[in-house]
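Just follow the structure's listing: the first ligand is 1, and inside any ligand the first atom is 1.
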Amino acid sequence: MIVLVVNCGSSSLKYELFDSETETSLVSGLADRVGINGGAEAVLEHQVPGRVEIEKQQPMPDHGVALDLVLATLTDAESGVISHLDEIGAVGHRVVHGGERFSEAVLIDGEVIATIEQMAELAPLHNPANLMGIRACIRRLPGVAQVAVFDTAFHQTMPPQAFLYGLPYEMYVEHGIRRYGFHGTSHRYVSLVASRRLAEAGIELPDQKIVTAHLGNGCSMAAVAGGTSIDTTMGLTPLEGLLMGTRCGDLDPAIVPYLHEKLGLTPKEADTLLNNKCGLLGVSGVSSDMRDVKAAAAAGDIRAQAAIEIFCYRVRKYVGSYSAALGGLNAVVFTAGIGENDPLVRERSLEGLGYLGIAVDPEKNNNLANERDGVDISCSDQPVRVYVIPTDEELMIARDTAELVS
Ligand code: ADP
């Protein structure tokens, strides 16, 4: 089956077309700056593997117009990979927040749309954008099955002690204030790959204890026992946990009223500060991009050095904490932009964890081949495997969509 995967942000529409039987990607692309200044500067990048990337500049005032251009490009005689839209068997949509209602992918109907709308309270930047993509696809591809795959779904197996905050219980019951966790599709994908490798090494699924670290612009970790998430670092929103590109991660909640009283920040201003001006950017004062922060640190910038130390220290703390939550550890997995590409971060994050049976082999860590099934960078005489596994959220969405539809 041909599956179209759609991931809509507030001003972007990312897409990838898969042959779900062979799990091959036929084309991927991005419509960017959709709706900004009326969509006047919008641009579409369309990449067929093995061919030169195509770029189209065309006004895209909204996601419907962007999708029209994507569909036309997919079926175009020159740039296309299918001859007719009928060939698309299903569409899989990334949806950020599924709350407690969705623990797996679902076929989209009116009720599902209404629930995603309700969840927008908890993900105001993401769910409304995801819905724009869903509505545009329903209009343009009538009769084609539409599936929602939620970032929060994988973490719905967390037990209450992991998902409840120490707040009055009625805040959970009446307002849904609890830890939901995000990046679930990525944690699930890489933990599946790691799980297969552990099974080959004789550790059966029910016994497997894996910690996954998704380190990109947004960063989160998960503790995965027997294939299910039992804890994760992100919470009610994607602000909690690790240090990120621009997000602060774990924080004493008293800092928020303190910011108000001392600096006069309104709740909205405090929210903007914590989401957009903290993390690697805020500590280093240089950039939210790890490559820039590393370059500045190497040139002697003390703040940049501190940012990297905090970043790695938090990963290390959560490895320790999750090995306690899991009651042991078989594997640690690194994925996403930083996790897949930064040997220094991987090495520092696991420094001093020899007591847990974790040691990174510098030779393997520094000379990675990019393998879909991942690379083991641990010292072979240690009991805990350390894998670097390229994430593929789009493939996971395509797989879920094809399974559900067929
Ligand atoms: P997103 O969360 O937006 O999908 P990515 O997974 O692409 O983000 O990760 C972006 C991060 O990956 C940035 O901080 C970037 O600096 C980092 N990154 C990408 N390539 C490298 C590299 N070669 N070395 C270190 N960091 C890298």
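Checking atom 8 (O) of ligand 1 against the protein gives a heavy-atom contact under 4.0 Å.
Under a 4.0 Å N-O distance rule, the pair Lys364/Asp376 does not qualify as a salt bridge. Using a cut-off of 4.0 Å between Lys/Arg side-chain N and Asp/Glu carboxylate O, Arg94 and Asp151 are scored as salt-bridged. No salt bridge links Glu45 with Lys56; every basic N to acidic carboxylate O contact stays at or beyond 4.0 Å.
Cation-pi geometry between Arg178 and Tyr180 is satisfied (NZ or CZ under 6.0 Å from the ring centre, within 45° of the ring normal).
Using a 4.0 Å heavy-atom cutoff, Gly218 is listed among the residues neighbouring ligand 1.
In this structure, Phe182 has its ring center closer than 6.0 angstrom to the ring center of His97.
Protein heavy atom at the shortest distance from atom 15 (C) of ligand 1 is Asp289 OD1, 3.4 Å. With hydrogens left out, the protein atom closest to atom 22 (C) of ligand 1 is Asn341 CB, 3.3 Å, a heavy atom.
When the heavy atoms of Arg291, Lys294, Met290 are ranked by distance to atom 14 (O) of ligand 1, first place goes to Met290. Of the options Gly245, Gly337, Ser186, Ala336, the smallest heavy-atom separation from atom 18 (N) of ligand 1 is shown by Gly337.
Annotation for ligand 1: atoms under 4.0 Å from non-hydrogen atoms of Asp342 are 25 (C). Interface atoms of ligand 1 facing Ile338, defined by a heavy-atom separation under 4.0 Å, are 11 (C), 12 (O), 14 (O), 17 (C).
Geometrically, ligand 1 and Asn217 share a nitrogen or oxygen pair separated by less than 3.5 Å.
With sequence neighbours excluded, the residues that form a salt bridge (Lys or Arg N to Asp or Glu O under 4.0 Å) with Asp400 are Arg188. Checked against salt bridge (Lys or Arg N to Asp or Glu O under 4.0 Å), Arg139 has no partners two or more places apart in sequence or in another chain.
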